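In what follows, a structure is listed as C-alpha coordinates, so that the remarks can point back to it.
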2 protein chains.
Amino acid sequence: MARTTGSDGERTEAAVREAAVNLIARYGYEAMSMRQLAAQVGVQAAALYRYFPTKEELLFTLMREHMEGLRKAWEHARPADADPAEQLAAYVRNHIAFHIERRHATHVSNMELRSLSPDRLTQILRMRTAYEKELRSILRDGAETGVFRIEDTGLTAMALIQMMTGVIVWFRPGERLSVAEVMATYLSMTMRLVGATSAGEERHVHEHARLRA
Amino acid sequence: MARTTGSDGERTEAAVREAAVNLIARYGYEAMSMRQLAAQVGVQAAALYRYFPTKEELLFTLMREHMEGLRKAWEHARPADADPAEQLAAYVRNHIAFHIERRHATHVSNMELRSLSPDRLTQILRMRTAYEKELRSILRDGAETGVFRIEDTGLTAMALIQMMTGVIVWFRPGERLSVAEVMATYLSMTMRLVGATSAGEERHVHEHARLRA
DNA sequence: GAATTAATTGAACGTTCGTTTTATTATTGC
DNA sequence: GCAATAATAAAACGAACGTTCAATTAATTC
(Lines give C-alpha, C1' and ligand atoms only; values in the text may rest on other atoms or scores of the structure.)
Protein backbone atom coordinates (compact mmCIF):
# COMPACT_ATOMS: atom_id res chain seq x y z
CA MET A 1 0.00 0.00 0.00
CA ALA A 2 0.94 3.64 -0.26
CA ARG A 3 -0.99 6.88 -0.29
CA THR A 4 -4.41 6.34 1.26
CA THR A 5 -7.68 7.77 0.00
CA GLY A 6 -8.63 11.04 1.59
CA SER A 7 -5.14 11.65 2.96
CA ASP A 8 -4.26 15.30 3.48
CA GLY A 9 -0.93 16.71 4.60
CA GLU A 10 -2.28 19.59 6.61
CA ARG A 11 -4.77 17.48 8.49
CA THR A 12 -2.17 14.82 9.20
CA GLU A 13 0.35 17.35 10.51
CA ALA A 14 -2.25 18.88 12.83
CA ALA A 15 -3.19 15.41 14.06
CA VAL A 16 0.48 14.63 14.71
CA ARG A 17 0.92 17.77 16.80
CA GLU A 18 -2.15 17.15 18.86
CA ALA A 19 -1.36 13.49 19.44
CA ALA A 20 2.24 14.32 20.30
CA VAL A 21 1.26 16.88 22.93
CA ASN A 22 -1.10 14.42 24.57
CA LEU A 23 1.31 11.49 24.49
CA ILE A 24 4.33 13.47 25.70
CA ALA A 25 2.28 15.05 28.48
CA ARG A 26 1.11 11.65 29.63
CA TYR A 27 4.15 9.43 29.14
CA GLY A 28 7.04 11.84 28.67
CA TYR A 29 9.09 12.65 25.60
CA GLU A 30 11.60 9.84 26.00
CA ALA A 31 8.92 7.29 26.77
CA MET A 32 6.85 8.15 23.70
CA SER A 33 8.06 6.21 20.66
CA MET A 34 7.57 7.44 17.12
CA ARG A 35 5.67 4.22 16.40
CA GLN A 36 3.32 4.89 19.32
CA LEU A 37 2.71 8.41 18.06
CA ALA A 38 2.11 7.17 14.52
CA ALA A 39 -0.36 4.57 15.75
CA GLN A 40 -2.29 7.25 17.62
CA VAL A 41 -2.52 9.28 14.42
CA GLY A 42 -3.45 6.22 12.41
CA VAL A 43 -0.39 6.18 10.22
CA GLN A 44 2.94 4.39 9.86
CA ALA A 45 5.99 5.75 11.69
CA ALA A 46 7.76 6.67 8.45
CA ALA A 47 4.97 9.07 7.51
CA LEU A 48 5.84 11.30 10.47
CA TYR A 49 9.14 12.20 8.88
CA ARG A 50 7.33 13.98 6.10
CA TYR A 51 6.37 16.67 8.64
CA PHE A 52 9.14 16.67 11.22
CA PRO A 53 12.72 15.77 10.33
CA THR A 54 13.51 14.40 13.79
CA LYS A 55 11.75 13.61 17.05
CA GLU A 56 13.54 16.45 18.79
CA GLU A 57 12.49 18.94 16.11
CA LEU A 58 8.89 17.91 16.76
CA LEU A 59 9.34 18.56 20.48
CA PHE A 60 10.99 21.90 19.82
CA THR A 61 8.18 22.96 17.47
CA LEU A 62 5.55 22.16 20.08
CA MET A 63 7.41 24.12 22.74
CA ARG A 64 8.18 27.12 20.57
CA GLU A 65 4.60 27.50 19.44
CA HIS A 66 3.38 27.15 23.00
CA MET A 67 5.67 29.93 24.16
CA GLU A 68 4.70 32.13 21.22
CA GLY A 69 1.07 31.53 22.08
CA LEU A 70 1.71 32.63 25.65
CA ARG A 71 3.44 35.79 24.48
CA LYS A 72 0.62 36.64 22.07
CA ALA A 73 -2.02 35.98 24.71
CA TRP A 74 -0.32 38.41 27.07
CA GLU A 75 0.18 41.01 24.34
CA HIS A 76 -3.54 40.87 23.73
CA ALA A 77 -4.55 40.80 27.40
CA ARG A 78 -2.21 43.47 28.76
CA PRO A 79 -3.98 46.71 29.62
CA ALA A 80 -2.51 49.72 27.83
CA ASP A 81 -2.64 52.37 30.52
CA ALA A 82 -3.24 50.92 33.93
CA ASP A 83 -1.77 51.11 37.40
CA PRO A 84 0.40 48.21 38.60
CA ALA A 85 -2.43 46.53 40.51
CA GLU A 86 -4.59 46.35 37.39
CA GLN A 87 -1.65 45.14 35.32
CA LEU A 88 -0.84 42.46 37.87
CA ALA A 89 -4.46 41.35 37.92
CA ALA A 90 -4.45 41.09 34.13
CA TYR A 91 -1.21 39.09 34.22
CA VAL A 92 -2.58 36.64 36.76
CA ARG A 93 -5.87 36.19 34.92
CA ASN A 94 -4.15 35.66 31.58
CA HIS A 95 -1.55 33.28 32.98
CA ILE A 96 -4.06 31.07 34.73
CA ALA A 97 -6.58 31.04 31.91
CA PHE A 98 -3.92 30.20 29.35
CA HIS A 99 -2.30 27.46 31.42
CA ILE A 100 -5.56 25.81 32.33
CA GLU A 101 -6.70 25.84 28.72
CA ARG A 102 -3.41 24.36 27.54
CA ARG A 103 -2.49 22.09 30.42
CA HIS A 104 -0.90 19.42 28.28
CA ALA A 105 1.22 21.80 26.23
CA THR A 106 2.34 23.55 29.40
CA HIS A 107 3.32 20.24 30.92
CA VAL A 108 5.44 19.50 27.87
CA SER A 109 7.10 22.91 27.85
CA ASN A 110 7.93 22.72 31.55
CA MET A 111 8.97 19.09 31.90
CA GLU A 112 10.83 18.24 28.72
CA LEU A 113 13.35 21.05 28.54
CA ARG A 114 16.22 18.68 29.23
CA SER A 115 15.49 16.76 26.04
CA LEU A 116 16.38 19.78 23.91
CA SER A 117 19.79 20.37 22.40
CA PRO A 118 21.70 23.25 24.04
CA ASP A 119 20.89 25.91 21.45
CA ARG A 120 17.23 24.98 21.24
CA LEU A 121 17.05 25.01 25.01
CA THR A 122 18.51 28.50 24.96
CA GLN A 123 15.85 29.68 22.51
CA ILE A 124 12.99 28.40 24.65
CA LEU A 125 14.49 29.74 27.87
CA ARG A 126 14.91 33.14 26.23
CA MET A 127 11.21 33.25 25.43
CA ARG A 128 10.33 32.17 28.93
CA THR A 129 12.61 34.76 30.51
CA ALA A 130 11.10 37.51 28.38
CA TYR A 131 7.64 36.54 29.60
CA GLU A 132 8.73 36.45 33.25
CA LYS A 133 10.43 39.81 32.82
CA GLU A 134 7.01 41.36 32.19
CA LEU A 135 5.88 40.27 35.63
CA ARG A 136 9.03 41.54 37.31
CA SER A 137 8.51 44.87 35.63
CA ILE A 138 4.96 45.14 36.95
CA LEU A 139 6.08 44.20 40.44
CA ARG A 140 8.90 46.75 40.35
CA ASP A 141 6.54 49.50 39.23
CA GLY A 142 4.12 48.62 42.00
CA ALA A 143 6.86 48.53 44.60
CA GLU A 144 8.22 51.91 43.52
CA THR A 145 4.78 53.50 43.38
CA GLY A 146 4.05 52.14 46.83
CA VAL A 147 0.99 50.09 45.90
CA PHE A 148 2.87 46.84 46.55
CA ARG A 149 5.00 45.91 49.52
CA ILE A 150 7.64 43.52 48.19
CA GLU A 151 10.91 42.39 49.71
CA ASP A 152 12.56 40.94 46.63
CA THR A 153 11.09 41.53 43.18
CA GLY A 154 12.80 38.66 41.40
CA LEU A 155 12.05 36.17 44.11
CA THR A 156 8.43 37.26 44.32
CA ALA A 157 8.03 36.91 40.56
CA MET A 158 9.35 33.34 40.65
CA ALA A 159 7.13 32.47 43.59
CA LEU A 160 4.05 33.84 41.86
CA ILE A 161 4.74 32.12 38.57
CA GLN A 162 5.35 28.77 40.20
CA MET A 163 2.26 29.16 42.34
CA MET A 164 0.11 30.01 39.31
CA THR A 165 1.56 27.46 36.92
CA GLY A 166 0.98 24.85 39.60
CA VAL A 167 -2.73 24.83 38.86
CA ILE A 168 -2.12 22.48 35.95
CA VAL A 169 -0.95 19.82 38.39
CA TRP A 170 -4.24 19.47 40.22
CA PHE A 171 -6.86 21.30 38.19
CA ARG A 172 -9.28 19.10 36.25
CA PRO A 173 -12.02 20.82 34.26
CA GLY A 174 -15.52 20.07 35.41
CA GLU A 175 -14.61 19.17 38.96
CA ARG A 176 -15.16 21.06 42.19
CA LEU A 177 -14.06 24.48 40.98
CA SER A 178 -14.70 26.45 37.82
CA VAL A 179 -11.94 28.28 35.97
CA ALA A 180 -13.41 31.61 37.10
CA GLU A 181 -13.38 30.54 40.74
CA VAL A 182 -9.79 29.38 40.55
CA MET A 183 -8.79 32.61 38.83
CA ALA A 184 -10.55 34.68 41.48
CA THR A 185 -8.95 32.84 44.39
CA TYR A 186 -5.48 33.00 42.87
CA LEU A 187 -5.98 36.69 42.20
CA SER A 188 -6.89 37.21 45.82
CA MET A 189 -3.87 35.25 47.05
CA THR A 190 -1.59 37.13 44.67
CA MET A 191 -2.76 40.53 45.82
CA ARG A 192 -2.24 39.61 49.45
CA LEU A 193 1.16 38.09 48.68
CA VAL A 194 2.45 41.31 47.11
CA GLY A 195 0.96 43.32 49.96
CA ALA A 196 -1.32 45.31 47.67
CA THR A 197 -2.69 48.36 49.45
CA SER A 198 -6.39 48.73 50.19
CA ALA A 199 -7.07 50.41 46.84
CA GLY A 200 -5.81 47.36 45.00
CA GLU A 201 -7.61 45.08 47.43
CA GLU A 202 -10.87 46.93 46.84
CA ARG A 203 -10.54 46.52 43.11
CA HIS A 204 -9.74 42.89 43.50
CA VAL A 205 -12.73 42.25 45.73
CA HIS A 206 -15.00 43.79 43.13
CA GLU A 207 -13.35 41.71 40.46
CA HIS A 208 -13.87 38.67 42.59
CA ALA A 209 -17.60 39.35 42.90
CA ARG A 210 -17.88 39.91 39.17
CA LEU A 211 -16.19 36.64 38.28
CA ARG A 212 -18.35 34.56 40.55
CA ALA A 213 -21.52 36.05 39.10
CA MET B 1 37.91 -10.23 35.61
CA ALA B 2 35.49 -10.46 38.49
CA ARG B 3 35.45 -9.16 42.02
CA THR B 4 37.79 -6.21 42.31
CA THR B 5 40.10 -5.41 45.20
CA GLY B 6 38.53 -3.26 47.86
CA SER B 7 35.01 -3.80 46.56
CA ASP B 8 32.31 -3.43 49.19
CA GLY B 9 28.60 -4.00 48.74
CA GLU B 10 27.40 -1.26 51.05
CA ARG B 11 29.68 1.36 49.57
CA THR B 12 28.74 0.36 46.04
CA GLU B 13 25.02 0.51 46.78
CA ALA B 14 25.35 3.96 48.32
CA ALA B 15 27.36 5.10 45.31
CA VAL B 16 24.67 3.75 42.99
CA ARG B 17 21.94 5.66 44.80
CA GLU B 18 23.83 8.91 44.76
CA ALA B 19 24.83 8.61 41.12
CA ALA B 20 21.29 7.63 40.13
CA VAL B 21 19.74 10.66 41.83
CA ASN B 22 22.16 12.97 40.08
CA LEU B 23 21.82 11.37 36.66
CA ILE B 24 18.04 11.11 36.77
CA ALA B 25 17.74 14.70 37.98
CA ARG B 26 19.92 15.90 35.13
CA TYR B 27 18.87 13.71 32.21
CA GLY B 28 15.62 12.13 33.31
CA TYR B 29 14.83 8.53 34.25
CA GLU B 30 14.15 7.32 30.72
CA ALA B 31 17.20 9.05 29.32
CA MET B 32 19.57 7.55 31.91
CA SER B 33 20.78 4.13 30.84
CA MET B 34 21.92 1.49 33.26
CA ARG B 35 25.29 1.45 31.48
CA GLN B 36 25.63 5.19 31.98
CA LEU B 37 24.81 4.80 35.66
CA ALA B 38 27.25 1.94 36.03
CA ALA B 39 30.00 3.95 34.36
CA GLN B 40 29.40 6.82 36.78
CA VAL B 41 29.79 4.40 39.70
CA GLY B 42 32.84 2.81 38.10
CA VAL B 43 31.37 -0.63 37.66
CA GLN B 44 29.79 -2.80 34.94
CA ALA B 45 26.06 -2.62 34.30
CA ALA B 46 25.48 -6.17 35.46
CA ALA B 47 26.79 -5.30 38.91
CA LEU B 48 23.86 -2.94 39.47
CA TYR B 49 21.48 -5.87 39.49
CA ARG B 50 23.03 -7.16 42.67
CA TYR B 51 21.44 -4.21 44.49
CA PHE B 52 18.30 -3.39 42.52
CA PRO B 53 16.34 -6.03 40.63
CA THR B 54 15.07 -3.61 37.98
CA LYS B 55 15.59 -0.04 36.90
CA GLU B 56 12.10 0.88 38.03
CA GLU B 57 12.68 -0.61 41.48
CA LEU B 58 15.74 1.63 41.78
CA LEU B 59 13.62 4.67 40.92
CA PHE B 60 10.93 3.63 43.35
CA THR B 61 13.44 3.15 46.15
CA LEU B 62 14.88 6.62 45.61
CA MET B 63 11.42 8.17 45.66
CA ARG B 64 10.16 6.22 48.65
CA GLU B 65 13.15 7.11 50.77
CA HIS B 66 12.91 10.73 49.76
CA MET B 67 9.29 10.88 50.84
CA GLU B 68 10.08 9.08 54.09
CA GLY B 69 12.87 11.56 54.71
CA LEU B 70 10.44 14.42 54.21
CA ARG B 71 7.97 12.88 56.64
CA LYS B 72 10.65 12.32 59.27
CA ALA B 73 12.00 15.83 58.87
CA TRP B 74 8.55 17.27 59.49
CA GLU B 75 7.93 14.94 62.43
CA HIS B 76 11.11 16.26 63.97
CA ALA B 77 10.50 19.91 63.09
CA ARG B 78 6.83 20.19 64.01
CA PRO B 79 6.24 22.15 67.21
CA ALA B 80 4.30 20.21 69.80
CA ASP B 81 2.03 22.85 71.25
CA ALA B 82 1.90 25.92 69.09
CA ASP B 83 -0.68 28.19 67.52
CA PRO B 84 -1.38 27.82 63.80
CA ALA B 85 0.89 30.68 62.82
CA GLU B 86 3.86 29.08 64.55
CA GLN B 87 3.01 25.70 63.05
CA LEU B 88 2.74 27.20 59.58
CA ALA B 89 6.06 28.96 60.02
CA ALA B 90 7.65 25.66 61.04
CA TYR B 91 6.11 23.92 58.04
CA VAL B 92 7.42 26.52 55.63
CA ARG B 93 10.89 26.52 57.14
CA ASN B 94 11.13 22.76 57.13
CA HIS B 95 9.77 22.41 53.60
CA ILE B 96 12.13 24.94 52.09
CA ALA B 97 15.20 23.79 53.99
CA PHE B 98 14.54 20.15 53.09
CA HIS B 99 13.87 20.84 49.43
CA ILE B 100 16.86 23.08 48.97
CA GLU B 101 19.13 20.57 50.65
CA ARG B 102 17.81 17.72 48.50
CA ARG B 103 17.12 19.51 45.24
CA HIS B 104 18.07 16.58 43.03
CA ALA B 105 16.01 14.03 44.92
CA THR B 106 13.04 16.37 44.93
CA HIS B 107 13.38 16.83 41.20
CA VAL B 108 13.30 13.06 40.76
CA SER B 109 10.30 12.59 43.04
CA ASN B 110 8.33 15.32 41.30
CA MET B 111 9.23 14.72 37.67
CA GLU B 112 9.44 10.97 37.28
CA LEU B 113 6.15 9.86 38.79
CA ARG B 114 4.88 8.76 35.39
CA SER B 115 7.62 6.18 35.08
CA LEU B 116 6.25 4.23 38.05
CA SER B 117 3.89 1.30 37.71
CA PRO B 118 0.34 2.06 38.88
CA ASP B 119 0.61 0.53 42.33
CA ARG B 120 3.99 2.06 43.06
CA LEU B 121 2.67 5.40 41.88
CA THR B 122 -0.20 5.00 44.32
CA GLN B 123 2.20 4.35 47.18
CA ILE B 124 4.23 7.48 46.51
CA LEU B 125 1.15 9.63 46.00
CA ARG B 126 -0.25 8.38 49.28
CA MET B 127 2.86 9.54 51.11
CA ARG B 128 2.73 12.87 49.36
CA THR B 129 -0.94 13.37 50.14
CA ALA B 130 -0.34 12.58 53.82
CA TYR B 131 2.34 15.24 53.92
CA GLU B 132 0.15 17.82 52.22
CA LYS B 133 -2.69 16.97 54.59
CA GLU B 134 -0.60 18.30 57.45
CA LEU B 135 -0.49 21.70 55.82
CA ARG B 136 -4.22 21.70 55.12
CA SER B 137 -4.84 20.86 58.75
CA ILE B 138 -2.74 23.78 59.91
CA LEU B 139 -4.49 26.14 57.51
CA ARG B 140 -7.92 24.92 58.63
CA ASP B 141 -7.02 25.42 62.29
CA GLY B 142 -5.80 28.91 61.55
CA ALA B 143 -8.88 29.78 59.54
CA GLU B 144 -11.20 28.52 62.28
CA THR B 145 -9.27 30.28 65.03
CA GLY B 146 -9.38 33.46 63.01
CA VAL B 147 -5.63 33.98 62.77
CA PHE B 148 -5.69 33.26 59.02
CA ARG B 149 -8.05 34.64 56.40
CA ILE B 150 -8.36 31.93 53.76
CA GLU B 151 -10.95 31.50 51.02
CA ASP B 152 -10.27 27.86 50.13
CA THR B 153 -8.08 25.69 52.35
CA GLY B 154 -7.30 23.01 49.79
CA LEU B 155 -6.50 25.45 47.06
CA THR B 156 -4.33 27.56 49.35
CA ALA B 157 -2.40 24.49 50.45
CA MET B 158 -1.65 23.53 46.85
CA ALA B 159 -0.65 27.08 45.97
CA LEU B 160 1.71 27.28 48.94
CA ILE B 161 3.32 23.92 48.28
CA GLN B 162 3.90 24.66 44.63
CA MET B 163 5.26 28.07 45.46
CA MET B 164 7.66 26.64 48.04
CA THR B 165 8.76 23.60 46.07
CA GLY B 166 9.47 25.93 43.15
CA VAL B 167 12.63 27.15 44.84
CA ILE B 168 14.47 24.09 43.53
CA VAL B 169 13.95 25.33 39.98
CA TRP B 170 15.93 28.51 40.34
CA PHE B 171 17.86 28.28 43.61
CA ARG B 172 21.57 27.58 43.31
CA PRO B 173 23.64 27.42 46.50
CA GLY B 174 26.26 30.10 46.84
CA GLU B 175 24.60 32.60 44.54
CA ARG B 176 22.81 35.84 45.30
CA LEU B 177 20.73 34.62 48.23
CA SER B 178 21.48 32.43 51.23
CA VAL B 179 19.15 29.66 52.35
CA ALA B 180 18.19 31.71 55.40
CA GLU B 181 17.28 34.69 53.26
CA VAL B 182 15.16 32.62 50.91
CA MET B 183 13.43 30.98 53.88
CA ALA B 184 12.73 34.36 55.46
CA THR B 185 11.28 35.86 52.30
CA TYR B 186 9.10 32.85 51.59
CA LEU B 187 7.91 32.90 55.18
CA SER B 188 6.93 36.51 54.78
CA MET B 189 5.10 35.85 51.52
CA THR B 190 3.33 32.86 53.03
CA MET B 191 2.09 34.81 56.03
CA ARG B 192 0.74 37.57 53.85
CA LEU B 193 -0.84 35.06 51.46
CA VAL B 194 -2.82 33.39 54.23
CA GLY B 195 -3.79 36.78 55.62
CA ALA B 196 -2.11 36.15 58.97
CA THR B 197 -3.20 38.70 61.57
CA SER B 198 -0.76 41.18 63.07
CA ALA B 199 0.25 38.82 65.87
CA GLY B 200 1.52 36.29 63.37
CA GLU B 201 3.09 39.05 61.32
CA GLU B 202 4.93 40.35 64.39
CA ARG B 203 6.32 36.95 65.14
CA HIS B 204 7.39 36.50 61.58
CA VAL B 205 9.14 39.86 61.45
CA HIS B 206 11.17 38.94 64.53
CA GLU B 207 11.99 35.62 62.97
CA HIS B 208 13.07 37.39 59.85
CA ALA B 209 15.46 39.63 61.77
CA ARG B 210 16.87 36.64 63.63
CA LEU B 211 17.60 34.69 60.47
CA ARG B 212 19.38 37.53 58.75
CA ALA B 213 21.63 38.06 61.77
C1' DG C 1 -6.11 11.08 -19.76
C1' DA C 2 -1.22 11.46 -19.27
C1' DA C 3 2.26 13.48 -16.44
C1' DT C 4 3.42 15.26 -12.16
C1' DT C 5 3.30 15.78 -7.43
C1' DA C 6 1.78 14.58 -2.63
C1' DA C 7 1.12 11.18 0.86
C1' DT C 8 1.94 7.02 2.60
C1' DT C 9 3.40 2.03 3.22
C1' DG C 10 6.45 -1.82 4.32
C1' DA C 11 10.74 -3.34 5.10
C1' DA C 12 15.04 -2.75 6.69
C1' DC C 13 19.36 -0.54 8.99
C1' DG C 14 22.39 -0.05 12.74
C1' DT C 15 22.24 1.10 17.56
C1' DT C 16 20.99 0.96 22.12
C1' DC C 17 18.25 -0.66 25.69
C1' DG C 18 17.25 -3.50 30.18
C1' DT C 19 18.35 -7.73 31.73
C1' DT C 20 20.35 -12.61 32.31
C1' DT C 21 23.84 -16.03 32.54
C1' DT C 22 28.15 -17.78 33.50
C1' DA C 23 32.64 -17.48 35.01
C1' DT C 24 36.06 -15.44 37.98
C1' DT C 25 38.20 -13.19 41.68
C1' DA C 26 38.32 -10.96 46.45
C1' DT C 27 37.00 -11.38 51.07
C1' DT C 28 35.42 -13.69 55.23
C1' DG C 29 34.85 -17.37 58.69
C1' DC C 30 36.69 -21.20 60.72
C1' DG D 1 45.05 -22.06 54.49
C1' DC D 2 40.75 -23.92 53.02
C1' DA D 3 35.92 -23.67 52.26
C1' DA D 4 32.15 -20.60 51.72
C1' DT D 5 30.34 -16.51 50.24
C1' DA D 6 30.21 -11.81 48.32
C1' DA D 7 31.15 -8.84 44.46
C1' DT D 8 32.09 -8.16 40.15
C1' DA D 9 33.30 -8.75 34.87
C1' DA D 10 32.37 -10.25 30.27
C1' DA D 11 29.44 -11.63 26.95
C1' DA D 12 25.21 -12.33 25.13
C1' DC D 13 19.88 -12.08 24.64
C1' DG D 14 15.83 -10.45 22.32
C1' DA D 15 13.31 -6.41 21.90
C1' DA D 16 12.68 -1.75 20.87
C1' DC D 17 14.41 2.47 19.29
C1' DG D 18 14.88 6.57 15.68
C1' DT D 19 15.48 6.88 11.08
C1' DT D 20 16.04 5.83 5.95
C1' DC D 21 14.80 4.06 1.51
C1' DA D 22 12.40 2.31 -2.26
C1' DA D 23 8.02 1.26 -3.95
C1' DT D 24 3.20 2.43 -4.54
C1' DT D 25 -1.00 4.75 -4.80
C1' DA D 26 -4.08 9.08 -4.56
C1' DA D 27 -4.74 13.65 -5.93
C1' DT D 28 -3.68 17.44 -8.91
C1' DT D 29 -2.28 19.83 -13.09
C1' DC D 30 -2.49 20.71 -17.84
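No experiment lies behind these values; they were computed from the predicted model shown. In what follows, every chain begins at residue 1, and chains take the letters A, B, ... in the order their sequences are listed.
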Nearest-angstrom distance from the residue atom [atom1] of [X] to [atom2] of [N]:
X     : N      : atom1 : atom2 : result
A:Y49 : C:dC13 : OH    : C1'   : 13 Å
A:Y51 : C:dA6  : OH    : P     : 11 Å
B:L37 : C:dT16 : CG    : P     : 18 Å
A:K55 : C:dT15 : NZ    : P     : 19 Å
A:M32 : D:dG18 : CE    : P     : 7 Å
B:E10 : D:dA7  : CD    : P     : 9 Å
A:R11 : D:dA26 : CZ    : P     : 16 Å
A:R35 : C:dA12 : CZ    : P     : 13 Å

Any heavy-atom pair between the side chains of B:T190 and B:M163 that's under 4.5 Å? yes

Nearest nucleotide by nearest heavy atom, which residue falls closer to the 5' end of DNA chain C, A:R50 or B:T54? A:R50

Counting only side-chain heavy atoms from C-beta out, which of [options] sits nearest to [X]?
X     : options               : answer
A:A45 : D:dT8, C:dG18, D:dT19 : D:dT19
B:S33 : C:dC17, D:dA9, C:dT9  : C:dC17
B:V43 : D:dG18, D:dA9, C:dT9  : D:dA9
B:A47 : D:dT8, D:dT19, C:dA7  : D:dT8
B:Q44 : D:dA10, D:dG18, C:dA7 : D:dA10
A:A46 : D:dG18, D:dA6, D:dT20 : D:dT20

Across all chains, not counting sequence neighbours, the salt bridge (Lys or Arg N to Asp or Glu O under 4.0 Å) partners of B:R128 are none

So for atom CZ, which belongs to B:R26, do other residues, nucleotides or ligands contribute more than 12 heavy atoms lying within a distance under 6.0 Å? no

Does D:dT8 have its OP1 or OP2 closer than 4.0 Å to a side-chain nitrogen or oxygen of B:T12? yes

Would you mind telling me which residue lines up with the more 5' stretch of DNA chain D, A:P53 or A:A31, judged by nearest nucleotide? A:A31

Pair B:H99 and B:F171, ring centroids less than 6.0 Å apart: no

Residues 17-39 of chain A vs ring-ring contact (aromatic ring centres under 6.0 Å, His included), sequence neighbours excluded, gives none

